[in-house]
Amino acid sequence: MLVFLDFEASSLAKRSYPIEVAWVFEDGREESHLIRPPLQWDDWDDAAEAIHHIPRAKLEAEGTPHDVVARRMVAVLSGHALFASAPSWDGKWLSALLRAAKLPRHALRLRDTEEAQRETATAILRDAVPAAALGVAVADVVALAEFRDRDIPAHRALADARDEWERWCAVRRAAEDRAAGR
């Protein structure tokens, strides 16, 4: 099953770490966690906090311990295709979370959400569009869905993961409409 995932982080610095994670399955099921950082995670950027509005004190008071979140992710997300809008950044934070929990850093792997969009559109349009026109048709439905969705990211993990899922749903609908001749 496809899963759309997003992290919020302490900063964009080299020593940044994940502070919130959320995911949405292709069927709409979702989950979100504030992450209580271990003591060695001390990087913090007030400018990042001004964007995500999650104070470090809230993480320490209300967050789930980092290792519990990491084990939950591995238990729930293993075997699924994981996608993120910024897989290099989100992958960095996923790796940091897994390593801090003493789990293999490649226990979960992220791919770019655009891959999920293209693969879904291709699967739907493959039998409805001539092979020579398939690439253009896929690009068209992906671009159409992107054009229709011009929202600014919320910079909260669940809202942003939902946004990625909704974009994928829009691509799927656009491909289904094109395949049906609508």
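In this chain, residues are counted from 1 in sequence order. Values in this document were obtained by computation on a predicted structure and should not be read as measured data.
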*Would you say the side-chain atoms of Thr113 pair up with the backbone N or O of Ala84, donor to acceptor, closer than 3.5 Å?*
yes
*asked:* Measuring from atom CD of Glu8 to atom NE2 of His53, what distance do you get when rounded to the nearest 0.5 angstrom?
replied: 10.5 Å
*May I ask whether Val142 and Phe4 are part of the same hydrophobic cluster, defined by side-chain heavy atoms of I, L, V, M, F, W, Y residues being less than 4.5 angstrom apart, directly or through others?*
no
*Would you call Arg111 and Glu119 a salt bridge, using N to O less than 4.0 angstrom?*
yes
*asked:* Give me the atom names and distance for the closest heavy-atom approach of Met73 to Leu97.
replied: SD-CD2, 3.6 Å
*Say you draw a straight line from CG of Leu94 to CZ of Arg99; how long is it, rounded to the nearest 0.5 Å?*
10.0 Å
*Give the minimum heavy-atom separation between Phe25 and Met1, together with the two atoms involved.*
CD2-SD, 3.6 Å
*asked:* Side-chain heavy atoms nearer than 4.5 Å, only ILVMFWY residues, links allowed to pass through others: does that put Phe7 and Leu12 together?
replied: yes
_Are more than 12 heavy atoms, taken from residues, nucleotides or ligands other than Glu31, located less than 6.0 Å from that residue's CD atom?_
yes
*Indicate the atoms forming the closest heavy-atom contact of Val129 with Ala137, along with that distance.*
CG1-CB, 4.0 Å
*Does one hydrophobic cluster hold both Leu158 and Ile54, with members joined at side-chain heavy-atom distances below 4.5 Å?*
no
*Ion pair present between Glu26 and Arg172, side-chain N to carboxylate O less than 4.0 angstrom?*
no
*How far apart are the closest heavy atoms of Ala48 and Ser11, and which atoms are they?*
CB-CA, 4.0 Å
*Any salt bridge between Arg162 and Asp6, counting N to O under 4.0 Å?*
no
_Matching residue for Trp168 among Leu2, Asp163, Val24 - test: side chain to side chain contact (heavy atoms under 4.5 Å, CB included)_ = Leu2
*asked:* How long is the straight-line distance from CZ of Arg15 back to CH2 of Trp41, given to the nearest 0.5 Å?
replied: 12.0 Å
_N/O donor-acceptor pair under 3.5 Å between Ser16 side chain and Ala13 backbone_ = yes
*How long is the gap from CG on Leu103 to CG on Asp67, to the nearest 0.5 Å?*
8.5 Å
*Determine whether Leu82 and Trp165 fall in the same hydrophobic cluster, where Ile, Leu, Val, Met, Phe, Trp and Tyr are linked whenever their side-chain heavy atoms lie under 4.5 Å apart.*
no
*Could you state the interatomic distance from CG (Leu59) to CD1 (Ile35), rounded to the nearest 0.5 Å?*
8.5 Å
*Sequence neighbours excluded, which residues qualify as salt bridge (charged side-chain N to carboxylate O under 4.0 Å, His left out) partners of Arg36?*
none
*Which pairs pass side chain to side chain donor-acceptor pair (under 3.5 Å) with one or both residues in residues 77-89, sequence neighbours excluded?*
none
*Shortest non-hydrogen contact between Ile19 and Ser10, atoms and distance*: CG2-N, 3.8 Å
*In plain terms, say whether Asp43 and Lys14 are close enough for a salt bridge, that is, a side-chain N and a carboxylate O under 4.0 Å apart.*
no
*asked:* For Trp23 and His33, take the angle between the two ring planes, folded into 0 to 90°, and tell me which bin it lands in: parallel under 30, tilted 30 to 60, perpendicular over 60.
replied: tilted
*Roughly how far apart are His66 NE2 and Arg71 CZ, rounded to 0.5 Å?*
8.5 Å
*Take Glu115 and Arg118, measure what salt bridge (charged side-chain N to carboxylate O under 4.0 Å, His left out) needs, and give me the verdict at the end.*
CA-CA 5 Å; Glu115 290 180 50; Arg118 286 190 305 271; 5.3 Å; no
*Is Arg156 paired with Glu20 through a side-chain N to carboxylate O contact shorter than 4.0 Å?*
yes
*For residues Leu98 and Leu108, report the shortest heavy-atom separation together with the two atoms involved.*
CD1-N, 4.1 Å
_Salt bridge check, Glu176 against Arg173: does any charged N sit closer than 4.0 Å to a carboxylate O?_
no
*Give the C-alpha distance, both sets of side-chain angles, the deciding distance and a yes or no for salt bridge (charged side-chain N to carboxylate O under 4.0 Å, His left out) between Arg178 and Asp140.*
CA-CA 10 Å; Arg178 175 124 183 210; Asp140 286 350; 3.5 Å; yes
